Peer 1: 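Below you will find the structure I want to go over with you.
Given the structure is predicted, the values throughout are model-derived calculations rather than measurements.
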Amino acid sequence: MLVRLELLILEAGLVLLSRQEKEFHGYQLAREIRNLQGDRFRAAYGTLYRTLERMEQSGLLQSRWEDPALAEAEGRPRRRLYQITGEGVSAYQRTLEAAPALSLRPREA
Amino acid sequence: MKRRLDTLALALPPFWARVYTKGLSPELRGRRLAEIECDVFEQQSDRGLSAPLALDVLVAVIQGIPDDLAWRLAHLTARGRLAQALAAGILPGLAVAWFTYHITQRPGAALGAGLVALAAVAFAAGKEPKVELYTSETQRRSGPGAFVLAAAVLGPALLIAGSITSADYTGGGDPMDDQAWVEAAGHTTRWITGYLLSGAGLALALVALLAVGGGVRSRGSRVLGSLPCALATIGVAGMLVAGHGMRALGLAAVLDMGGDGEAFLTNDVVDSVSLAWVIGGVLIGVALLMLAAGVWRTAPASGWRRIGAVAAFVLGGLAVAAVPAIAPGPGVSLVFPACLLAGFAFLLSGQAAASQAAGGFTSPTAPSPV
């Protein structure tokens, strides 16, 4: 079973993926989780990045640093970009099969 | 004003990240700092101007502190981990030494027992924690902040309260000495301040515990329920309110009534204090025993770690329940958190292998993106 925040991260990532955003950074995930939750949820910095690191080590996510030239051109810090792996999708599906009520996404009619 | 607050708040996450990544490898430190700086930048760019950014950032930093520290512990070098593990063992070591001294009156035995406890907890705490402390948003919002406040208040409170012994307070049984002691420069203020701070610290710690109650679980296994936390809260609150309140009344009576006050102090107050401490001790003891039963039944930790956690809670429960009868005093404030710390240190140390064995994830060597 995934813990709550892992599930939320995968769910937010899959929503972003459905919008053709194959890679996403930490703040983008936090914002998407807040949108899904419909309240002022904000994952704490330490909690979010520790969870992302653990999920990467577990093979649920993979990550890379973006091209520094791109960040420099846009005048912002370099982003760490995450991507959901096949194992991540499987884990998400297994968790929802075991506990469907945990999903935050609207059910299909 | 708001802009200045926001600027200050936005400087906090990178500052805190530099603090807790100090001494880690440059790659690890660089990655975390870069991620936090990026997050802060994106957050600043993304916000509507009317939103309370400073408060959001502050809350996000405070809520993440337990995870930051756990992450640091996981990445420390052997030497750094040893230092932090020893720090974690200090409080349980002191508690065991204090308790042993009260029973045996032998400094050598107290020192030995304290060192053994310190070593045992340090050994257990030196392992990488893999348990999720907060699994619901409510607990995540309230728990870490309360723990930080509790630690900030409880430390000085224990120091102040510990500097005032019951011998000071009773004046050796002579009512005139009592009165002179109470009236002497600042003793009353110091005494009341110590207990007020100690009470506030314990109350905050227990609020935090209640916030976590039902939330400590390891991949599906619930360990700590709300009932033991509620019992412990009632127990400590009963000790503080009834015990310390009656002592304060007794002091006032000594000042007002002289010799009559002394009779009141030595009879009614002492009886009430003892009763309050016995009831409180029993409640805390029961709470710790329930924790032990919960750990034994549900914790996925295996072998000596599970036995260590259960033993800490059982011995803690028995010791705390017995303290009011054997050695009443503020020291129980030390025993209670010490037993909790020791139990959790053992428990947290055994989660990694167990969660894998319980059906957790395995790391594929080459994950493929979707």
Peer 1: Assess whether side-chain contact (heavy atoms from CB on, under 4.5 Å) is satisfied between B/E42 and A/Q28, documenting all intermediate values.
Peer 2: CA-CA 8 Å; B/E42 300 287 350; A/Q28 211 173 351; over 6 Å; no

Peer 1: Can you establish whether the number of heavy atoms outside A/E66 located under 6.0 Å from its atom CD is more than 12?
Peer 2: yes

Peer 1: Are B/R31 and A/E56 close enough for a salt bridge, meaning some N to O gap below 4.0 Å?
Peer 2: yes

Peer 1: Does some side-chain heavy atom of B/Q43 sit less than 4.5 Å from a side-chain heavy atom of A/Y45?
Peer 2: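 Side-chain contact under 4.5 Å: yes.
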
Peer 1: Is there a side-chain contact (heavy atoms from CB on, under 4.5 Å) between A/Y49 and B/D68 once you walk through the steps?
Peer 2: CA-CA 9 Å; A/Y49 290 104; B/D68 290 331; over 6 Å; no

Peer 1: What distance separates A/R80 CZ from B/C38 SG, expressed to the nearest 0.5 Å?
Peer 2: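 Between A/R80 CZ and B/C38 SG, I get 11.5 Å after rounding to 0.5 Å.
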
Peer 1: Does either side chain, that of A/Y27 or that of B/Q44, offer a donor lying less than 3.5 Å from an acceptor on the other one?
Peer 2: no

Peer 1: Does any backbone or side-chain atom of A/S90 lie under 4.5 Å from a heavy atom of chain B? Answer side chain, backbone, both or neither.
Peer 2: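 Contact with chain B: none, neither part.
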
Peer 1: Assess whether a salt bridge exists between A/R79 and B/E35, defined as any Lys/Arg side-chain N lying under 4.0 Å from an Asp/Glu carboxylate O.
Peer 2: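 No, A/R79 and B/E35 are not salt-bridged.
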
Peer 1: Kindly compute the distance separating CZ (A/R78) from CZ (B/F41), expressed to the nearest 0.5 Å.
Peer 2: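 The CZ atom of B/F41 is 15.0 Å from CZ of A/R78, to the nearest 0.5 Å.
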
Peer 1: What is the minimum heavy-atom distance between B/A60 and A/A44, and which atoms define it?
Peer 2: O-CB, 3.1 Å

